[in-house]
Amino acid sequence: MCKGLAALPATCLKSAKDMKHRLGFLLQKSDSCDYSSSQGKKEKLSSSQRLSQEEVRKWAESLENLIHHDRGLAAFRAFLKSEYSEENIEFWVSCEEYKKTKSPAKLSPKARKIYDEFISVQATKEVNLDSCTREKTSHNMLEPTLSCFDEAQRKIFTLMEKDSYRRFLKSPYYLDLVSPRGAGCGPENCKRNHTHSLDCNSNIISQCA
């Protein structure tokens, strides 16, 4: 032992050890409390993000209900991605965000970006528009306004509504959410591939979180 420590009375050494023990205990308790608090917040957040069956059933009433709900939009986007047609919903979302632009100076560069990405002939994510709508939208690029993509956005919405939205409502991406958990495996449920359902749920959860 160090000579300095050896020269101290036994009572002082004992007090020092007791103090060290108490400090260690308090630090452990503090870490434990922080962890518990963090876990509590996560559980509370997770609970607040849970979907009710009523919310999910409303998605089947209209495409508008579906894509104006954050979790519904994420589920629909995941479904479209599985069909390699996610450019439609991405275009719709981009138009919605564009219409919220407040600075007139930002209209032109934002409009050009959307046009180049979704509408031009060389677009990386070209959406399916008729020639008339495409030509009109191209003309709108000369003097972009908040409504310059309205007609194109409306056409893509109608396209999704009549086509992919109907398939979405029959897919595991929707059915696995609208069916109550723990329900028995009835004739209809058993027809679904269990592994595929799990994959779909994982996909949806990761994007909705």
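Heads up: numbering here begins at 1 and tracks the sequence.
Relative orientation of the Y174 and W59 rings is tilted, given thresholds of 30° and 60° on the angle between their planes. Using the six-membered ring where Trp is involved, F157 and W92 have ring planes that are tilted, between 30° and 60° apart.
The CZ atom of F79 sits 10.5 Å away from atom NZ of K170, with the distance rounded to the nearest 0.5 Å. The CG atom of L169 lies 7.5 Å from the CG atom of L66; values are rounded to the nearest 0.5 Å. Note that the CG atom of N128 and the CZ atom of R134 stand 7.5 Å from one another [nearest 0.5 Å]. Interatomic distance, CD of Q153 versus NZ of K99, reported as 4.0 Å (0.5 Å rounding). Here the CE atom belonging to M141 is positioned 9.5 Å from the CG atom belonging to D116, to the nearest 0.5 angstrom. In this structure, SG in C95 is found 9.0 Å from CD1 in I156, a value given to the nearest 0.5 Å.
Put simply, the side chain of I119 reaches to within 4.5 Å of the side chain of F91, judged on heavy atoms. Residues L80 and S164 are in side-chain contact: their nearest non-hydrogen atoms beyond the backbone lie under 4.5 Å apart. Two residues are said to be in side-chain contact when any heavy atoms from C-beta on lie closer than 4.5 Å; E90 and R77 meet this criterion. Put simply, the side chain of E126 does not reach to within 4.5 Å of the side chain of V121, judged on heavy atoms. Between E143 and N140, every side-chain heavy-atom pair lies at or beyond the 4.5 Å cut-off. Side-chain contact between V93 and L73 is present, with heavy atoms from C-beta onward closer than 4.5 Å. For the pair R167 and E83, the minimum side-chain heavy-atom distance is below 4.5 Å.
Of the possible polar contacts, none joining the T101 side chain to the S103 backbone as a donor-acceptor pair under 3.5 Å is found. The main-chain N or O of E55 is found under 3.5 Å from a side-chain atom of S52 such that the two form a donor-acceptor pair. Panel note: side chain N65, backbone K58; a donor-acceptor pair is recorded below 3.5 Å.
Within the 6.0 Å centre-distance limit, the rings of Y98 and F149 are counted as a close aromatic pair.
Using a 3.5 Å distance cut-off with no hydrogens or angles, the side chains of T133 and D130 do pair a donor with an acceptor.
Scanning all heavy atoms of the two residues, the minimum distance from L177 to Q53 falls at O-NE2, 3.3 Å. Taking each heavy atom of L107 and L146 in turn, the nearest pair found is CD2-CD2, 3.5 Å. When all heavy atoms of P144 and A111 are compared, the closest pair comes out as CB-CB, 3.8 Å. Between E87 and Y84, the shortest heavy-atom contact is OE1-O, 3.8 Å.
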*Trace of the side-chain contact (heavy atoms from CB on, under 4.5 Å) decision for L63 with F76*: CA-CA 10 Å; L63 175 59; F76 189 51; 3.9 Å; yes

*Go through Y115 and S138 one step at a time and tell me if the side chain to side chain donor-acceptor pair (under 3.5 Å) criterion holds.*
CA-CA 8 Å; Y115 180 83; S138 297; 2.7 Å; yes

